[in-house]
Amino acid sequence: MEPSNIEGSEFDEPLLPALKSGLSVIETVSPRLEEILSDTRRSYFQRLRDASKVELAILLKLAAPAVIVYLLTNVTSTSTQVFCGHLGNLELAAAALGNTGIQVFAYGLMLGMGSAVETLCGQAYGAHRYNMLGIYLQRSTILLMATGVPLMLIYIFSEPLLILIGQAKDIAAEASIFVIGLIPQIFAYAANFPIQKFLQAQSIVAPSAYISLAVLAIHLLLSWLVIFKLGFGLIGAALVLSLSWWLVVIFQFIYILFSKRCKSTWKGFSTQAFTGLWDFFKLSAASAIMLCLETWYFQILVLISGLLDNAEIALDSLSICMTISGWVYMISIGFNAAASVRVSNELGAGHPKAAAFSVFMVTATSTVIAIFFGILVLIFRQDISYFFTEGTTVADAVAELCPYLAASILLNGIQPVLSGVAVGCGWQAFVAYVNIGCFYVVGIPLGCLLGFYFNLGVQGIWSGMLGGTLLQTIILIWTSWRTKWEKEVEVAQKRLLTWDDEKVKEDPHLLN
C-alpha cells in the first residue's frame, strides 16, 4: 500500500450531506481555508498570508490543548520514575527499565491500534457522518481490551524475559516488581486511546487537558503518600500510576456521556460495535505496526545500552535523556494529533488544498519549537540531570549525551508530525514498510556496529539510530511533498463508504 499519487484527479464533494440533527452543538469543518487557497483573483502572497492566519488560529485551538494533554500524561508517568529515583540508583534503573523496556511495549501497541480510530473518526467527522464515530470508538475498545489479555503474560514474566535479553539480574528483579503493578494500566490504555482519538477527531481537546491536570495533582499526592509515607516502594508507585490512568479514562467517559458536543457522535452502546471486527482489526493492526515500530525504536536503545559495561550508569544517564526527550516529544505528539485531525477532517470534507496547507503549517510550527528546545538542552547540559538524581557521575554522563539528545529533539519535531499526516490520510501500511527499513534494517544495526564493534558505547548506538530516524524523516517529507491531495480526497470518500455500515447495507453498489 502506498499514498495516492495521480496527476490531475477530479474529486467530488462529500458524498453524504450534513446530518440535520446535532449541528447546533457540533462545530463542522469550515470551508474558509479552502476558499482562501482557491481564490486565484488574489495574489499568492495575499492567499498565503490569510491562509496562515486561519490555519494558525485553528492549530492554536487544537494543538495547544493536545500538547498540554500529552505533556501532563507524560509528566504523570515521569513523576513516578522521579519518585523511584529518590529511593536509590538501583530503583531508578529498575523503574527506567520497566517503563521504557516493558511498559512502552504495551503503550506503543495500544496507541498504534487506537490510531485506526483516528483515521476513521477524523474523516467521518469531516464528512458529517457523526453517528459512526461512537461505533468506531466501541469497536476499537473491544479489540484493544482483547489485546490486553495476552500482553499481561509479558508483564507477569518480565523478569526472565529481561534476563534472557541480557539485563543485569538485580535490575531485572526490581523492574519486574514495578511492571507487575502496571498490569491494570494495560487496560486503561485500551480504553483511553480510543476515547482520546474519538474526542480529538471532533477537536474536543481542552476538557482532556483539564482532566489530565486534575489527575496529575491527585497522582503526585498519592505517590508521595504511598511511596514515602506508607513505604510501599516500587510496587506502590506502579499501582498509583495505574490508578491515575484509570481516573483519566473514567473522567473522559463521563464527559462524553454528559457533554452536548458529543450528543450526535455518541448514541450509547450498540451491538453494531461487534460487527465487522475482523476488518477493523486488520486496519488497527496496520496502524499498530506503523506506530509500534516508531514508539519502540528508541526504547530499544535503552535495552541495547543495558548490555554495555557499567550498565547501571549507562541506563541511568540514558533514561534521563530519554525522559527529557519524552517531554519534548509530547509536544510533537500534540502536533501529531493536530496534523492527523486537520488532514483527516479536511480530506473528509473534500478540501484538498486546505489539507496540503495544514501539513505545511503544522510541520513548520513544530520544527521551530523543536529547535528552541534543542538549544535549551545544549545550554543547560551540565545541570539537567540533578532534577532526577544527585550523582555527579551520572550528571557527567548525561552532559556527554546532550548533543545526541538535541539532535533527537530536532528530528522529533518533524517526524511525528509527518506520521500524524500519514494517519490522517490512512497511509499506515506504507509508513510501516518505511519504518522497518529505516529503523530496523539501517538504524539499529548501524547503532550496534558503532556502539560495540567500534567501541563508541552509548554515543555510537545513539548515532546509528539517529541515522535511521533521519532517513525515515527524509522519506516522509518527500512523500508528503509529492502527494496529490485531490486523489487523497477520493480515497477518503471511498474509505468512509467502506466503513459506513448502515449506508452500505442500504446500497451495496456504493462500494463499486
Side-chain angles (χ1 to χ4, degrees), residues 1-18 28-52 54-55 58-59 62 118-129 132 201 203 283 286 290 338-364 417-431 434 475-500 503 509-512:
M1 177 181 177
E2 62 181 25
S4 303
N5 189 34
I6 298 178
E7 299 278 357
S9 298
E10 297 294 331
F11 64 94
D12 299 325
E13 292 298 317
L15 300 178
L16 295 178
T28 57
V29 178
S30 171
R32 176 62 178 156
L33 183 59
E34 186 74 12
E35 291 170 355
I36 292 173
L37 295 168
S38 301
D39 188 1
T40 56
R41 296 170 300 177
R42 311 172 73 190
S43 69
Y44 176 80
F45 175 77
Q46 288 176 323
R47 281 180 283 163
L48 179 62
R49 179 196 61 195
D50 293 345
S52 297
V54 171
E55 184 63 23
I58 297 173
L59 284 179
L62 180 62
E118 200 166 1
T119 301
L120 294 173
C121 282
Q123 294 184 359
Y125 187 79
H128 305 147
R129 296 173 191 168
M132 291 305 300
S203 298
L283 181 63
M290 170 193 151
S340 176
V341 171
R342 292 292 298 125
V343 171
S344 61
N345 283 178
E346 296 292 357
L347 291 179
H351 301 155
K353 291 183 176 64
F357 189 76
S358 295
V359 172
F360 169 76
M361 289 300 297
V362 71
T363 305
V417 176
L418 295 178
S419 293
V421 173
V423 171
C425 294
W427 298 343
Q428 288 96 322
F430 166 75
V431 178
V434 173
I475 292 174
L476 291 183
I477 290 174
W478 174 248
T479 300
S480 299
W481 178 262
R482 66 192 290 268
T483 295
K484 305 306 175 185
W485 295 98
E486 293 85 356
K487 183 60 180 179
E488 290 302 323
V489 169
E490 292 183 0
V491 173
Q493 297 298 330
K494 185 174 181 179
R495 180 183 296 114
L496 288 174
L497 283 176
T498 301
W499 290 98
D500 195 334
K503 205 67 183 175
H509 298 293
L510 284 171
L511 295 180
N512 298 328

4.5 Å side-chain heavy-atom contact, [X] and [Y]:
X	Y	answer
V359	W485	yes
K487	P352	no
L48	S52	yes
Q46	R41	no
H351	L33	no

Is a side-chain N or O of E346 found less than 3.5 angstrom from the main chain of A354, in a donor-acceptor match? no
Donor-acceptor contact present, side-chain S344 to main-chain V341, <3.5 Å: yes
Which residues share a side-chain contact (heavy atoms from CB on, under 4.5 Å) with I58, sequence neighbours left out: V54, E55, R342
Can you list everything that forms a side-chain contact (heavy atoms from CB on, under 4.5 Å) with I477? Sequence neighbours excluded, please. I414, L418, T473
Could you tell me which residues satisfy salt bridge (charged side-chain N to carboxylate O under 4.0 Å, His left out) with R32, sequence neighbours excluded, listed by chain and number? none
How far does [atom1] of [X] sit from [atom2] of [Y], to the nearest 0.5 angstrom?
X	Y	atom1	atom2	answer
L37	S358	CG	OG	8.5 Å
D50	R42	CG	CZ	4.0 Å
L347	E488	CG	CD	6.5 Å
S203	Y125	OG	OH	6.0 Å

Verify side chain to side chain donor-acceptor pair (under 3.5 Å) between E118 and S340, making sure each step is shown before the conclusion. CA-CA 7 Å; E118 200 166 1; S340 176; 3.0 Å; yes
Closest approach of [X] to [Y] (non-hydrogen atoms, all atoms of both residues):
X	Y	answer
K353	S38	CD-OG, 3.5 Å
V362	A339	CG1-CB, 3.8 Å
G424	Q123	O-NE2, 2.8 Å

Might you work through the side-chain contact (heavy atoms from CB on, under 4.5 Å) test for W427 and L476, ending with a clear yes or no? CA-CA 11 Å; W427 298 343; L476 291 183; over 6 Å; no
